[in-house]
J.: 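Input: one structure, supplied below.
Nothing fancy with the numbering, it's 1 onward along the sequence.
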Amino acid sequence: MLDNKKVTELLRKKGFKVTPQRLAIYNVLCNTKSHPNAEMIFNKLQPYYPTMSLATIYKTVDILNEIGLINILNVGEDAFRYDANMTSHAHICCTECGRIDDIMMNFDNCVTDVENQSSYDIEKYQFYFYGVCAECKTKKEKVS
């Protein structure tokens, strides 16, 4: 994750305008592990940027993804989620509450197997796992 100076340089180098809102959106994503959607980011920043719109959030996350600073996650919900952790990792999503967590493990062998079976050169990948988180399991057990 980059500091504001490096993000500013990268945005300018790629031909994008640098705004306080864009930097704030990137900083929100760098400082959370919750993989927020656009509405969550909007709600977090609204007190500090009352004139900012959801459109600004969507445009900014598209730009940040385009320049390689964030990943866009599609875990099958109505909204995309965003992640500034650019290291290779998978995600696990709770089918009850929608919580998303990182799974840090080595997927090199899996990627190599896919390349060998497909003759593709893999450039990028995302893995998603689905299950019930510990909190939701506990809630279910209390109801039973």
Side-chain angles (χ1 to χ4, degrees), residues 1-115 118 120-143:
M1 293 173 222
L2 304 178
D3 62 28
N4 281 348
K5 183 178 178 186
K6 290 182 180 173
V7 173
T8 297
E9 290 171 9
L10 186 57
L11 284 166
R12 286 190 178 133
K13 180 180 172 186
K14 299 288 185 173
F16 294 106
K17 189 174 176 181
V18 177
T19 66
Q21 292 87 345
R22 287 184 178 163
L23 296 175
I25 291 165
Y26 180 67
N27 285 323
V28 164
L29 292 171
C30 287
N31 292 299
T32 184
K33 292 183 178 187
S34 68
H35 306 86
N37 62 28
E39 191 173 319
M40 294 170 180
I41 298 168
F42 177 79
N43 290 336
K44 176 107 173 145
L45 291 175
Q46 186 62 30
Y48 308 102
Y49 300 94
T51 61
M52 185 170 54
S53 68
L54 263 175
T56 300
I57 305 286
Y58 285 115
K59 183 172 182 166
T60 299
V61 293
D62 284 342
I63 289 169
L64 294 174
N65 178 254
E66 183 180 326
I67 64 176
L69 291 179
I70 68 166
N71 281 315
I72 297 175
L73 310 178
N74 182 356
V75 294
E77 299 176 322
D78 291 337
F80 293 117
R81 301 285 196 104
Y82 307 101
D83 188 1
N85 180 349
M86 297 302 289
T87 62
S88 294
H89 66 283
H91 295 95
I92 188 160
C93 181
C94 180
T95 55
E96 296 289 320
C97 68
R99 172 183 169 162
I100 300 173
D101 290 308
D102 292 331
I103 302 293
M104 305 308 285
M105 58 187 286
N106 189 333
F107 290 96
D108 291 345
N109 290 338
C110 181
V111 172
T112 300
D113 288 348
V114 170
E115 286 179 327
S118 67
Y120 279 68
D121 290 334
I122 303 298
E123 298 171 353
K124 189 175 177 180
Y125 59 86
Q126 292 184 352
F127 289 100
Y128 299 105
F129 298 90
Y130 299 88
V132 179
C133 72
E135 272 185 44
C136 290
K137 265 197 306 195
T138 302
K139 287 177 189 174
K140 274 184 167 182
E141 291 167 1
K142 286 181 181 177
V143 172

J.: Are side-chain heavy atoms of Thr32 and Lys44 found at a separation under 4.5 Å?
T.: no
J.: Got a salt bridge between Lys14 and Glu66, using NZ or NE/NH1/NH2 to carboxylate O under 4.0 Å?
T.: no
J.: Compare all side-chain heavy atoms of Ser53 with those of Tyr58 and state whether any distance is below 4.5 angstrom.
T.: no
J.: Could you tell me if the side chain of Ile63 sits less than 4.5 Å from the side chain of Leu11, heavy atoms only?
T.: yes
J.: Specify the closest pair of heavy atoms between Tyr49 and Pro20, including all atoms of both residues, with the distance to one decimal.
T.: OH-O, 3.7 Å
J.: Taking the inter-plane angle between the rings of His89 and His35 on a 0 to 90° scale, is it parallel (under 30°), tilted (30 to 60°) or perpendicular (over 60°)?
T.: tilted
J.: Is Arg99 paired with Asp101 through a side-chain N to carboxylate O contact shorter than 4.0 Å?
T.: yes
J.: Taking the side chain as every heavy atom from C-beta outward, state whether Tyr128 and Cys93 have any pair of such atoms under 4.5 Å apart.
T.: no
J.: Start with the C-alpha gap between Cys110 and Tyr125, add the side-chain angles, then the distance that decides, and say whether side-chain contact (heavy atoms from CB on, under 4.5 Å) holds.
T.: CA-CA 11 Å; Cys110 181; Tyr125 59 86; over 6 Å; no
J.: Taking the side chain as every heavy atom from C-beta outward, state whether Thr87 and Met104 have any atom pair closer than 4.5 Å.
T.: yes
J.: Kindly give the heavy-atom pair with the smallest separation between Gly76 and Tyr130, and that separation in Å.
T.: N-OH, 4.4 Å
J.: Contact between Asn71 and Met86 at the side-chain level, heavy atoms closer than 4.5 Å - yes or no?
T.: yes
J.: Is a side-chain donor or acceptor of Gln126 paired with a backbone partner of Ile72 at a separation under 3.5 angstrom?
T.: yes
J.: Is there a side-chain contact between Asp83 and Asp102 in this structure, where contact means two heavy atoms from C-beta onward sitting under 4.5 Å apart?
T.: yes
J.: Side-chain contact test, heavy atoms from C-beta onward, threshold under 4.5 Å: evaluate it for Asp3 versus Lys6 and give yes or no.
T.: yes
J.: Side chain of Tyr82, backbone of Tyr26: donor and acceptor closer than 3.5 Å?
T.: no
J.: State which residue, out of Asn65, Asp62, Ile25, fulfils the side-chain contact (heavy atoms from CB on, under 4.5 Å) condition with Ile70.
T.: Asn65
J.: Using a 3.5 Å distance criterion without hydrogens, assess whether the side chain of Arg22 forms a donor-acceptor pair with backbone atoms of Lys17.
T.: yes
